[in-house]
Amino acid sequence: QVQVVESGGGLVQPGGSLRLSCTASGSIFNIYTMGWHRQCPGKQRELVATITKGGTINYAQSIKGRFTISRDNAKNTVYLQMNSLEPEDTAVYYCNAEIIPVGGSLRGFWGQGTQVTVSS
């Protein structure tokens, strides 16, 4: 089985920072693109940032210059450093990873989500 688990959410004041982590574990043959999505209250889930195994990065326009995605391939882990947080960043943040499980085929795996609340 494959698991994708996020951590690092919480409550932060406007202008503050948080760092999210997401680790994939289990019977994994290979991991390709990893990324973060978020679902703000009353809105659809949206892409935040993705990073390929080779390090190619894509950001949503709304978070460019404030958020930084990175990954450690040896640890099967992707990070999201969030700076200059705004109340509009309040959302449940979900990790997604494109994984080939051992004996399986490529598919996307989602974490359970971690709540980020930006409020004074």
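Only this structure's heavy atoms are used, side chains among them; waters, hydrogens and symmetry mates stay out. Predicted model only: the values in this text are computed from it and were never measured.
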- Is M34 reachable from V92 through a run of I, L, V, M, F, W or Y residues, each pair having side-chain heavy atoms under 4.5 Å apart? no
- Query: Can you check whether K75's main-chain N or O pairs, donor with acceptor, with T77's side chain at less than 3.5 Å?
  - Reply: yes
- Query: Are the side chain of T90 and the backbone of V118 linked by a donor-acceptor contact shorter than 3.5 Å?
  - Reply: yes
- Message: side-chain contact (heavy atoms from CB on, under 4.5 Å), that's the test. Do V2 and S25 meet it? Break it down for me.
- Response: CA-CA 6 Å; V2 173; S25 62; over 6 Å; no
- Note: I31 and I28 closest approach over all heavy atoms is CG1-CG2, 3.6 Å
- Could you give all pairs that pass the disulfide bond (SG atoms under 2.5 Å apart) test and reach residues 27-76, with sequence neighbours left out? none
- Between P14 and S120, what is the shortest heavy-atom contact and its length? CD-N, 3.7 Å
- Note on the structure: Of all heavy-atom pairs linking A49 and L80, the shortest is CB-CD1, 4.5 Å
- Walk me through it: do V12 and M82 pass the test side-chain contact (heavy atoms from CB on, under 4.5 Å)? CA-CA 11 Å; V12 63; M82 306 185 293; over 6 Å; no
- Rounded distance (nearest 0.5 Å) linking atom NE2 of H37 with atom CD of Q44: 12.0 Å
- Of all the heavy-atom pairs spanning S70 and V78, show the shortest one and how long it is. O-CG2, 3.2 Å
- Might you point out which heavy atoms bring S17 and S84 nearest each other, and give the distance in Å? OG-N, 4.4 Å
- Is a side-chain N or O of T50 found less than 3.5 angstrom from the main chain of G35, in a donor-acceptor match? no
- Look only at the side chain of R71 and the backbone of G54, and say whether a donor-acceptor pair between them is shorter than 3.5 Å. no
- Message: Under the ring pair (Phe, Tyr, Trp, His ring centres under 6.0 Å) definition, can you give me all pairs with a residue in residues 60-107, not counting sequence neighbours?
- Response: none
- Task: Any disulfide bond (SG atoms under 2.5 Å apart) involving residues 71-120? Give me the pairs, sequence neighbours left out, ordered by first then second residue.
- Result: C22-C95
- Which hydrophobic side chains are connected to F29, either touching it within the sub-4.5 Å cutoff or through other members that do? Y32, I100, V102, L106
- Would you mind reporting whether S21 and S7 have side-chain heavy atoms less than 4.5 Å apart? yes
- Under the side-chain hydrogen bond (donor to acceptor under 3.5 Å, both in side chains) test, residues paired with D89 that sit two or more places apart: R38, R66
- Can you tell if the side chain of N58 reaches within under 4.5 Å of the side chain of L47, non-hydrogen atoms only? yes
- Using atom types as modelled and distance alone, determine if a side-chain donor or acceptor of N96 lies under 3.5 Å from a backbone N or O of W36. no
- To the nearest 0.5 Å, how far apart are CD in E46 and CD1 in I63? 9.5 Å
- Task: Check whether any side-chain heavy atom of L20 sits under 4.5 Å from a side-chain heavy atom of V116, and report yes or no.
- Result: yes
- From E98 CD over to N30 CG, what is the distance, rounded to the nearest 0.5 angstrom? 11.0 Å
- Task: Among N76, I99, T23, find the residue that satisfies the side-chain contact (heavy atoms from CB on, under 4.5 Å) test when tested with V4.
- Result: I99
- Item | Summary of side-chain hydrogen bond (donor to acceptor under 3.5 Å, both in side chains) pairs that have at least one residue in residues 102-112, sequence neighbours excluded | E6-Q112
